[in-house]
Amino acid sequence: MNLSFKEKVYKIVKQIPRGSVLSYKGVAKKAGRPKAYRAVGNILNKNYDKKIPCHRVVKSDGKPGGYNRGLKNKVALLKREGVIIRKRKVVR
DNA sequence: CGTATGACGTGCA
DNA sequence: GTGCACGCCATAC
């Protein structure tokens, strides 16, 4: 594979449609490494890119997890896109 | 339900 | 070359 695991993760996250969220584990699975959910969190939190809606990636519990640009901003962005946040969790 | 622990894959300093 | 952080799961209390 030409692409490193992190590059695959970026590609998956970039394909997340507006108003939708995906868990770190879900991203890892789509990236071909379902057991590397830990790595996904590490990569996305440390490597923010404007082209990557990493604010649409949350924990399996629906909790926001981490965010390089500020956790409050992450929640605000999600709400702005139509994602409802209740008790620090995503309502589904 | 909240807190704690152990084990895991990957990237970075 | 080494250690750290990240999130998830199971188990325990």
Side-chain angles (χ1 to χ4, degrees):
Chain A
M1 301 295 279
N2 313 19
L3 303 179
S4 297
F5 176 68
K6 67 181 173 101
E7 295 178 279
K8 293 178 190 172
V9 170
Y10 291 145
K11 188 169 186 172
I12 301 300
V13 176
K14 288 193 315 192
Q15 292 175 82
I16 300 176
R18 174 191 173 279
S20 189
V21 295
L22 195 60
S23 64
Y24 292 106
K25 189 174 145 205
V27 174
K29 183 179 179 186
K30 292 175 184 298
R33 292 289 182 266
K35 296 180 291 191
Y37 36 73
R38 297 168 291 272
V40 175
N42 189 21
I43 293 165
L44 294 180
N45 284 300
K46 292 179 194 299
N47 293 281
Y48 180 72
D49 193 329
K50 296 184 282 193
K51 302 167 185 59
I52 303 185
C54 62
H55 60 276
R56 294 185 184 145
V57 185
V58 297
K59 306 217 299 181
S60 298
D61 304 75
K63 293 180 185 177
Y67 193 56
N68 307 31
R69 294 313 202 219
L71 184 55
K72 300 173 208 163
N73 187 25
K74 177 171 183 173
V75 176
L77 286 167
L78 289 172
K79 291 173 71 173
R80 189 171 199 340
E81 296 185 347
V83 179
I84 308 304
I85 306 297
R86 283 283 190 233
K87 285 299 194 178
R88 301 187 282 264
K89 291 185 175 183
V90 176
V91 174
R92 43 180 303 181

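In what follows, chains carry the letters A, B, and so on, assigned in the order in which the sequence lines appear, proteins first and then strands, with residues in each chain numbered from 1.
Considering only residues two or more places apart in sequence or on other chains, Y24(A) meets the side-chain contact (heavy atoms from CB on, under 4.5 Å) condition with V40(A), L44(A), N45(A), V57(A), K59(A), K74(A). Annotation: side-chain contact (heavy atoms from CB on, under 4.5 Å) contacts of K51(A) (sequence neighbours excluded): K14(A), D49(A). Under the rule for a side-chain contact (heavy atoms from CB on, under 4.5 Å), the partners of K29(A) that lie at least two apart in sequence or sit in another chain are P34(A). In this structure Y10(A) satisfies the ring-ring contact (aromatic ring centres under 6.0 Å, His included) test with no other residue, sequence neighbours excluded.
The interatomic distance linking K63(A) (NZ) with dG7(C) (P) rounds to 11 Å, in whole Å. Distance L71(A) CG to dC6(C) P: 12 Å, rounded to the nearest Å. Rounded to a whole Å, the CG atom of L44(A) is 11 Å from the P atom of dC8(C).
Residue Y37(A) is found outside any hydrophobic cluster, as its side-chain heavy atoms come under 4.5 Å of no other Ile, Leu, Val, Met, Phe, Trp or Tyr.
Within the structure, ring pair (Phe, Tyr, Trp, His ring centres under 6.0 Å) contacts touching residues 59-82 of chain A (residues at least two apart or in different chains) are Y48(A)-Y67(A).
The two atoms that bring L71(A) and G65(A) nearest to each other are CD1-O, 3.5 Å, heavy atoms only.
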Which atoms of nucleotides 11-13 of chain B (N or O only) lie under 3.5 Å from a protein N or O atom, and what are those distances?
from    : atom 1 : to     : atom 2 : distance (Å)
dG11(B) : OP1    : F5(A)  : N      : 3.4
dG11(B) : N3     : N42(A) : ND2    : 3.4

Which pairs of donor and acceptor atoms, one on a side chain in residues 76-91 of chain A, lie under 3.5 Å apart (sequence neighbours left out)?
from   : atom 1 : to     : atom 2 : distance (Å)
E81(A) : OE1    : R56(A) : NE     : 2.7
E81(A) : OE1    : R56(A) : NH2    : 3.0
E81(A) : OE2    : H55(A) : NE2    : 3.3
E81(A) : OE2    : R56(A) : NH2    : 2.8

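Between K89(A) and Y37(A), it is K89(A) whose nearest contact on DNA chain B lies nearer the 5' terminus.
Contacts between residues 19-26 of chain A and DNA chain C, defined by a heavy-atom separation below 4.0 Å, involve Y24(A), K25(A), listed by number.
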